[in-house]
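Single-structure report; data block below.
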Amino acid sequence: MATNIVFIFVCSVLVFFMTPGLSFFYGGGMVPKKQVNNTLMSVFIMCSIPVLLWVICGYSLSFSGNNWNLIGDLHNFMLHNVKMGAVSALTDGKLNNVTFIIFQMMFAVITPALFVGAIVGRMDFKFLISFVVLWSIFVYYPMVHMVWGGGFLQGLGALDFAGGLVVHINAGVTALILAWFLGPRLVKQNASPANLSWVVLGTSMLWVGWYGFNAGSALRMNTIAMQAMLTTTVATATAMLVWIILDVFFKKNASLLGICSGAVCGLVAITPACGYVTITGSMVIGLVATLASYLFINKVKPIIKIDDTLDAFGCHGIAGIVGSILTGLFASKAVNPTISESGFFEGGSLHLLGIQLGATIFTVIFTVVIVSIVILGLKQIIRMRISKAEEKLRELM
């Protein structure tokens, strides 16, 4: 078990590394100069609040008990009743409790940081902080429990190796709903990002951190962890190339921002499938998800007119949905013998596809409903959007 603990320690550090990486990706170069400080702060604050929430009640609500197959209980409130050095039953003896708690805590940190990209420059900071607290309790922890903590989606056999449902669809849909309630920016920014070097740096930090995210979800150093690392790399490389080709075809010019966007789409799409699929499956997932995200961002988004500032839903939501569904087609017992059945293209039936489709639809609906309720309630006591004067000051270069 000692080797596994060292491995997950390293993976936990890598996942934590993703949040400052996201700060660079969102705030370093993709927003106007006057919004940089606010964007960096809005992302980096996630290294504080979700950590405290996780140890107070998040771990307990996610992994302790089982109420209605939807959420846990408060038996481990403030991590009481947790024997830190004892073998964790949640990991089939692969890790001790404290290592598992730390690894999962890093997921709770990065997930709310993802939806910040949809609302930069126009959400009141007090509203954001309050929303993150309520969202974590009523959206994120229930999703963790339902998928990984003994809830009904896990019971149905839904596959989510590293967070397609729990992290990316959840955060992506949250971003879309927040953007819809906020409304469009007062001043549109059509110029290229101010600092593409920071965007590349942020993308690189995310990619490196993603190895901890995906490979670490095997919860031990084994062949499945290495398979997850390999499929993550292949899917991301595929997605980058697909985005370049699409840019050349539609816009007659490849762009550095497009390359970075394609990489993120590939990383997102392979997350639910990385420990279950073959190399061929990872290439197809990277290709299809990037095509879907590209078409949504460039064709659908202008029609629906929801101002998702940095395309959090377009990258994380759409790619996450595609990756989750395609897991039902490409998951293979030959790759991961722990799953109950293979997907349709790996010698199985359409049954797993049905489960994945149902779990994906449920996650979207659940997130839309609960996030909308939280926003409507919170708006009654806290201003959601900053003043027009302050917003114009931030938007104008």
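- Between the CD1 atom in I110 and the OG1 atom in T19 there is a gap of 3.5 Å [rounded to 0.5 Å].
- Although no hydrogens or angles enter the test, the distance criterion places no donor-acceptor pair under 3.5 Å between the side chain of R383 and the main chain of K126.
- Here the CG atom belonging to L53 is positioned 12.0 Å from the CE atom belonging to M105, to the nearest 0.5 angstrom.
- A donor-acceptor pair shorter than 3.5 Å can be found between the side chains of N298 and K251.
- With T99 contributing its side chain and L95 its backbone, the two residues share no donor-acceptor pair below 3.5 Å.
- How far OG of S62 is from CG of N76: 11.0 Å, rounded to the nearest 0.5 Å.
- With no hydrogens or angles considered, a side-chain donor-acceptor pair links D73 and S64 at under 3.5 Å.
- The ring-ring contact (aromatic ring centres under 6.0 Å, His included) test with F63 is passed by exactly one of Y141, F100, F103: F100.
- No continuous path of ILVMFWY side-chain contacts below 4.5 Å connects M205 to V13, so the two sit in separate hydrophobic clusters.
- For S324 and T360, the side-chain atoms include at least one donor-acceptor pair closer than 3.5 Å.
- Of the charged side-chain nitrogens involved, none lies within less than 4.0 Å of a carboxylate oxygen, so that D307 and K301 do not count as a salt-bridged pair.
- Side-chain N or O atoms of Y26 include none that pairs as donor or acceptor with a backbone N or O of V199 at under 3.5 Å.
- Using the six-membered ring where Trp is involved, H316 and H168 have ring planes that are parallel, under 30° apart on the 30 and 60° scheme.
- Formation of a donor-acceptor pair under 3.5 Å by the N67 side chain with backbone atoms of G72 is found in this model.
- Under a 3.5 Å cut-off, the side chain of N4 and the backbone N or O of K94 do form a donor-acceptor pair.
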Worked check of side-chain hydrogen bond (donor to acceptor under 3.5 Å, both in side chains) between N214 and T232: CA-CA 7 Å; N214 285 2; T232 298; 2.9 Å; yes
Start with the C-alpha gap between L257 and S261, add the side-chain angles, then the distance that decides, and say whether side-chain contact (heavy atoms from CB on, under 4.5 Å) holds. CA-CA 6 Å; L257 180 60; S261 298; 4.3 Å; yes
Do D311 and F296 pass the side-chain contact (heavy atoms from CB on, under 4.5 Å) test, and can you show the C-alpha distance, the side-chain angles, and the key distance before you say yes or no? CA-CA 10 Å; D311 294 314; F296 177 86; 6.0 Å; no
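- Clustering ILVMFWY residues whenever any of their side-chain heavy atoms sit less than 4.5 angstrom apart, transitively, puts F16 in the very cluster that holds L267.
- W148 places a side-chain N or O within donor-acceptor distance of the main-chain N or O of D160, the cut-off being under 3.5 Å.
- Residue G164 comes nearest to T271 through the heavy atom pair N-CG2, 3.9 Å, listed as atom of the first residue, atom of the second, then distance.
- Side-chain contact annotation: T236 with W207, donor-acceptor N/O pair under 3.5 Å absent.
- S23 places no side-chain N or O within 3.5 Å of a backbone atom of V43 that could act as its donor or acceptor partner.
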Applying ring-ring contact (aromatic ring centres under 6.0 Å, His included), run through F115 and F131 and close with a yes or a no. CA-CA 11 Å; F115 60 67; F131 177 80; 5.7 Å; yes
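- The backbone N or O of A228 lies less than 3.5 Å from a partner atom in the side chain of T231, making a donor-acceptor pair.
- Ring-plane geometry between W210 and F213 is classed as tilted, the angle between the planes lying from 30 to 60 degrees on a 0 to 90 degree scale.
- I245 contributes atom CD1, which lies 12.0 Å from atom CZ of F250 (distance to the nearest 0.5 angstrom).
- With hydrogens and angles disregarded, no donor-acceptor distance shorter than 3.5 Å links the side chain of D124 to the backbone of M384.
- With no hydrogens or angles considered, a side-chain donor-acceptor pair links T309 and R122 at under 3.5 Å.
- Remark: the backbone N or O of Y276 is not paired with any side-chain donor or acceptor of Q227 at under 3.5 angstrom.
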